[in-house]
Amino acid sequence: MKSLSLLTLGWFALQAHAAPDVDTEQLRGEAASLIPPFQQQLLGTVKQAMADGGPAEAVKACRLLAPEIASQHSQAPWKVGRTALKLRNPDNAPDTWERSVLEQFAKRSAAGEPIEQLKHGEIVAGEYRYMQAIGTAEACLGCHGEKIKPELVELIDRHYPQDQARGFREGDVRGAFTLSRALPR
Ligand code: HEC
């Protein structure tokens, strides 16, 4: 009887999506600490490809290596990725929760909040989820800006016929890092 009531309690805690002893501050810190190495490897890979073979090689590196780098950095229990409202790779499409956070970031950015502050963590359906906005730097404009070289446009169109991830300006929110993990027991 006793174990049954404990089970029931556990069930209610799950239903509330917030076990009382989950330390969301710690999870938030963990999530945030996984982003810089992921971001640095992405940037380093693009820079290297650019140096080795120019912009076309860099597009290829993004295309082939970005998903692989994301899975390399997804070390259990965390899953790490990137998403955006205006997408290049449809595999990065936001789910409902991610979309609402991206929309919230867009509003906060339009209201003048600096991109570095656009972060949001929350317990959603038994997972801890965390997102952090990605700004558009000058280095991104060659492939996501308003004036992309014709040969790159051709290449991008070929691989991403539905590409929407162009026309950005420096300082725009380009997208966000998105992380999730099952709640610790
Ligand atoms: C050499 C071209 C190139 C450069 C430079 C580049 N990107 Fe990308 N970007 C791509 C390609 C190709 C993809 C699709 C690859 C993928 O992630 O699947 C992509 C995908 C993304 C995504 C994932 C969401 C989506 O639309 O699929 C984000 C976010 C992103 N880029 C941000 C940036 C930022 C920020 C910079 C500058 C720091 C940058 N990119 C520089 C080519 C580039």
Side-chain angles (χ1 to χ4, degrees), residues 31-75 78-110 113-122 129-180:
S33 76
L34 295 173
I35 293 173
F38 177 44
Q39 183 168 35
Q40 273 153 30
Q41 197 179 344
L42 284 167
L43 287 173
T45 303
V46 176
K47 267 194 199 154
Q48 188 61 48
M50 194 79 90
D52 290 347
E57 194 58 33
V59 170
K60 193 169 154 203
C62 279
R63 180 167 65 84
L64 300 176
L65 299 178
E68 193 182 307
I69 293 170
S71 46
Q72 270 171 32
H73 284 258
S74 296
Q75 282 171 20
W78 287 98
K79 191 166 167 281
V80 171
R82 296 183 302 167
T83 186
L85 290 172
K86 288 183 176 180
L87 282 172
R88 176 144 299 166
N89 182 349
D91 292 346
N92 297 325
D95 65 18
T96 312
W97 181 80
E98 288 167 326
R99 176 172 295 279
S100 72
V101 176
L102 286 166
E103 283 166 355
Q104 181 208 111
F105 285 172
K107 272 191 205 139
R108 284 163 63 184
S109 172
E113 196 170 336
I115 291 181
E116 310 80 67
Q117 288 179 22
L118 302 176
K119 300 169 185 184
H120 180 76
E122 196 182 334
R129 305 191 71 176
Y130 179 80
M131 285 175 72
Q132 184 172 311
I134 304 172
T136 307
E138 199 193 346
C140 319
L141 298 180
C143 296
H144 295 296
E146 296 176 301
K147 284 182 231 139
I148 303 173
K149 288 199 181 112
E151 62 266 33
L152 285 191
V153 169
E154 196 266 325
L155 195 60
I156 293 168
D157 282 344
R158 179 147 36 103
H159 292 292
Y160 306 98
Q162 305 182 346
D163 181 45
Q164 293 186 308
R166 51 182 84 174
F168 286 87
R169 295 184 189 173
E170 201 175 337
D172 286 346
V173 175
R174 166 64 186 88
F177 293 106
T178 178
L179 295 90
S180 63

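Keep in mind that this is a model prediction, so the values were computed, not measured. For ligands, and for the atoms within them, numbers begin at 1 and follow the listed sequence.
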Colleague: Nearest protein heavy-atom contact for atom 27 (O) of ligand 1: which residue, which atom, what distance?
Modeller: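 The closest heavy atom on the protein side is N92 ND2, 2.8 Å.
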Colleague: Any Lys/Arg nitrogen of D172 or K86 sitting under 4.0 Å from an Asp/Glu carboxylate oxygen of the other?
Modeller: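 No, no charged N to carboxylate O under 4.0 Å.
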Colleague: Is T83 reaching over with its side chain to a backbone N or O of A176, donor-acceptor style, under 3.5 angstrom?
Modeller: no
Colleague: Who gets closest to atom 20 (C) of ligand 1 by heavy atom: R82, K47, E57?
Modeller: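 Looking at heavy atoms only, R82 sits closest to atom 20 (C) of ligand 1.
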Colleague: For atom 1 (C) of ligand 1, what is the closest protein heavy atom, and at what distance to 0.1 Å?
Modeller: C143 SG, 2.7 Å
Colleague: For R158, is there an ion pair with E154 - N to carboxylate O distance below 4.0 angstrom?
Modeller: yes
Colleague: With sequence neighbours excluded, what pairs up with E122 under the side chain to side chain contact (heavy atoms under 4.5 Å, CB included) test?
Modeller: W97, H120, V124
Colleague: Out of E138, R88, R166, indicate the one that has the non-hydrogen atom closest to atom 25 (C) of ligand 1.
Modeller: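 When every heavy atom of E138, R88, R166 is considered, R88 comes closest to atom 25 (C) of ligand 1.
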Colleague: Heavy-atom contacts under 4.0 Å between L43 and ligand 1: side chain, backbone, both, or neither?
Modeller: side chain
Colleague: Among all the protein's non-hydrogen atoms, which is closest to atom 18 (O) of ligand 1, and how far away is it?
Modeller: N89 ND2, 2.6 Å
Colleague: If you measure from each heavy atom of G135 to ligand 1, is any distance below 4.0 Å?
Modeller: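 Checking ligand 1 against G135, which is what was asked, there is a heavy-atom contact under 4.0 Å.
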Colleague: Contact between ligand 1 and T136 is defined here as a heavy atom of the residue under 4.0 Å from a ligand atom; is it met?
Modeller: no
Colleague: Compute the shortest N/O to N/O distance between T83 and ligand 1 and return yes if it is under 3.5 Å, no if not.
Modeller: no
Colleague: Kindly confirm or rule out an N or O of Y160 lying under 3.5 angstrom from an N or O of ligand 1.
Modeller: no
Colleague: Does ligand 1 have any atom sitting under 4.0 Å from a heavy atom of A139?
Modeller: yes
Colleague: Cation-pi check for F168 against R174: NZ or CZ below 6.0 Å from the six-membered ring centre and within 45 degrees of the axis, yes or no?
Modeller: yes
Colleague: Would you say CD of Q162 has more than 12 non-hydrogen atoms from neighbouring residues, nucleotides or ligands within 6.0 angstrom?
Modeller: no
Colleague: Less than 4.0 angstrom from a charged side-chain N to a carboxylate O is my criterion; do E98 and R129 meet it?
Modeller: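 Yes.
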Colleague: Looking only at protein heavy atoms, identify the closest one to atom 38 (C) of ligand 1 and say how far it is in Å.
Modeller: C140 SG, 2.6 Å
Colleague: Regarding E170 and T136, is there a side-chain donor-to-acceptor distance under 3.5 Å anywhere?
Modeller: no
Colleague: For the residue pair Q132 and Y130, confirm or rule out a side-chain donor-acceptor distance under 3.5 Å.
Modeller: yes
Colleague: I'd like to know whether ligand 1 has L42 as a neighbour, heavy-atom separation below 4.0 Å.
Modeller: no
Colleague: My understanding is that we take every heavy atom of each candidate and find the minimum distance to atom 33 (C) of ligand 1. Doing that for Q39, H144, M50, which one comes out nearest?
Modeller: H144
